[in-house]
Amino acid sequence: MALVNKKETYTMKLQLVSVLALAASAAAFAPQQISRSHATTALSMAAEEKGSKRKAAVKVLGRVAGALGTIAVATAGAPPPAFAAAKKAVKVVETADNTKKMIGIGAGVIAGAAVGIKLAGGGNKQNFLEAEPYWDQSTVPVNVYKNKAPFTGKVVSTKRIVGPKATGETCHIIIDHKGDFPYWEGQSWGVIPPGVREKDGKPHSVRLYSIASSRYGDDMTGNTGSLCVRRATYWCPDLKADDPAKKGICSNFLCDTKPGDDVQMTGPAGKVMLMPEEDPSTDYIMVATGTGIAPYRGFVRRLFTEKTPAGEAYKGQAWLFLGVANSDALLYDDEWQEAKKNYPDNFRLDYALSREQTNTKGGKMYIQDKVEEYADEVFEKLENGAHIYFCGLKGMMPGIQGMLKGVAEKKGLDYDAWLKGLKGKKQWHVEVY
Ligand code: FAD
């Protein structure tokens, strides 16, 4: 059976010792104490001994990896040096993982522990990218990567997610950031499209896109993030056709990407759309038009799909209103149906299909018409502390505001004072573009 050679053992020792030093400095985060000499001895034994001695040594290393996982978990959202320490810990355990091939069967424990770090030693839980406590927003990352030094992400996949009769094309794009670009649900990434502007030869400016996955990404590893992008086209009234010379630069770049393509990214941006998770009985009312659905996909995955501390604690009701033109243009419908099936008391869904449904006055069913159908409930929930979110094209807001004003007046409320009250209590969240 192959053994680790002396040089590799030495390198491993050095790495382990440096991580243990980091672990000691992050002692507050490491409930599981393992002595430095204990671990280094274990590493030598795992490499050099045979049989039961090696097995025992590998077990100790597994415990070290578990402790480092705890540190990694505890430091997510902690100050940058602590975060770097946790990342270094993951790297060392990944190296340990590589020794599996060299050490043999027993080292499978290390590999398991390495995975444990990614999953925070919590089986298949999504709890390794949490603040402490999980609802504490004081460490939300903002603008870590800026225009002058953007992050390079790699496209994992780009898929059209609307049916043939949808108005326009919308794509779901998964981007690999290797865990180096953490974000929270409700934040956006900036994308700098390649090339230069025709008018002045300068690089294209950054465009923002709401992140459509939870912080754990669609694969729940914490290494990816997803975008929901509508391809911007320009309909020329003279040509009576799309004019490709005037199509949107960044959305077309993103919708045309292929797996492995590089994407220059900035951010994460914004704190307006975060969920206030401290009170798990908070109701959320999420109103979207089109790609405005993106942040809510992150919310719903966090609350109902993934095994997050926020999801496990959640006792409120999250109510999603989505407005699109027709049923072919619906976004992520299968995921909403799943959440509804699994959490009928906590997740609620209403669609406004403007070209397929009619409102109570016989006109097209726009998003404000659908919300108005439930105006009494919506107002009552807001009165009781619910948070309301609006995301999508900015053209949605005048209709929404007009509707809410009308309802408020019918109820004898002063609309401006009512709105001021919601804003003052941070219950009103708007991100429109
Ligand atoms: P641009 O190249 O900037 O062009 C803008 C528009 O002008 C296009 O419709 C284009 O067709 C048109 N145009 C171009 N040339 C001409 C011309 N000569 N004459 C007339 N018209 C012309 N978008 C999403 O799809 N998903 C999201 O989740 C999302 N989230 C956002 C979050 C925030 C906070 C913000 C601010 C914006 C968000 N957006 C989102 C919008 C996004 O940032 C871009 O604005 C959008 O993709 C269009 O960018 P573009 O580069 O494709 O178009």
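Throughout, residue positions are numbered sequentially from 1 according to the sequence presented. Both ligands and their constituent atoms are indexed starting at 1 by order of listing.
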What residue and atom, counting heavy atoms only, is the protein's closest point to [atom], and at what distance?
{"atom": "atom 20 (C) of ligand 1", "result": "Y234 CE1, 3.3 Å"}
{"atom": "atom 9 (O) of ligand 1", "result": "A232 CB, 3.6 Å"}
{"atom": "atom 26 (N) of ligand 1", "result": "C228 O, 2.8 Å"}
{"atom": "atom 5 (C) of ligand 1", "result": "G248 CA, 5.0 Å"}
{"atom": "atom 3 (O) of ligand 1", "result": "R207 NH2, 3.0 Å"}
{"atom": "atom 52 (O) of ligand 1", "result": "S251 OG, 2.5 Å"}
{"atom": "atom 30 (N) of ligand 1", "result": "S210 N, 3.1 Å"}
{"atom": "atom 2 (O) of ligand 1", "result": "I249 N, 2.8 Å"}

Shortest reach to [atom] by a heavy atom, considering only [options]:
{"atom": "atom 22 (C) of ligand 1", "options": "R230, K199, H204, K246", "value": "K246"}
{"atom": "atom 31 (C) of ligand 1", "options": "L208, L227, T291", "value": "L208"}
{"atom": "atom 40 (C) of ligand 1", "options": "Y433, F253, W189", "value": "Y433"}

Hey, does [X] come in under 3.5 Å of ligand 1, counting only N/O atoms on both sides?
{"X": "S188", "answer": "no"}
{"X": "N252", "answer": "no"}
{"X": "E431", "answer": "no"}

Legend entry - Heavy atom of protein closer than 4.0 angstrom to atom 7 (O) of ligand 1: no
Give the atom numbers and elements of ligand 1 that come within less than 4.0 Å of a heavy atom of [X].
{"X": "Y209", "answer": "23 (N), 24 (C), 25 (O), 26 (N), 27 (C), 29 (C), 30 (N), 31 (C), 40 (C), 42 (C), 44 (C), 46 (C), 47 (O), 49 (O)"}
{"X": "C250", "answer": "50 (P), 51 (O), 52 (O)"}
{"X": "V229", "answer": "25 (O)"}
{"X": "T233", "answer": "11 (O)"}

Just verifying a value: how many Å separate [X] [atom1] and [Y] [atom2], rounded to the nearest 0.5 Å?
{"X": "E356", "Y": "L330", "atom1": "CD", "atom2": "CG", "value": "8.0 Å"}
{"X": "L254", "Y": "I249", "atom1": "CG", "atom2": "CD1", "value": "12.0 Å"}
{"X": "Y209", "Y": "C250", "atom1": "OH", "atom2": "SG", "value": "3.5 Å"}
{"X": "I388", "Y": "W428", "atom1": "CD1", "atom2": "CH2", "value": "6.0 Å"}

Legend entry - Pair listing, salt bridge (Lys or Arg N to Asp or Glu O under 4.0 Å) test, anchored in residues 302-319, at least two apart: K125-E312, E130-R302, E185-R302, E277-R302, R301-E306
Legend entry - Centroid separation F347 to W319 less than 6.0 Å: no
Legend entry - Y343 ring center within less than 6.0 Å of Y314 ring center: no
Inset, instruction - Using only heavy-atom distances, determine whether the side chains of Q357 and K364 contain a donor-acceptor pair under 3.5 Å. - result: no
Legend entry - Flag for N127-Y134: side-chain donor and acceptor within less than 3.5 Å: no
Legend entry - Any donor-acceptor pair under 3.5 Å from T266 side chain to Y145 backbone: no
Legend entry - Side chain Y296, main chain V287, donor-acceptor under 3.5 Å: yes
Inset, instruction - Identify whether the distance between the nearest side-chain nitrogen and carboxylate oxygen of R230 and E169 falls below 4.0 Å. - result: no
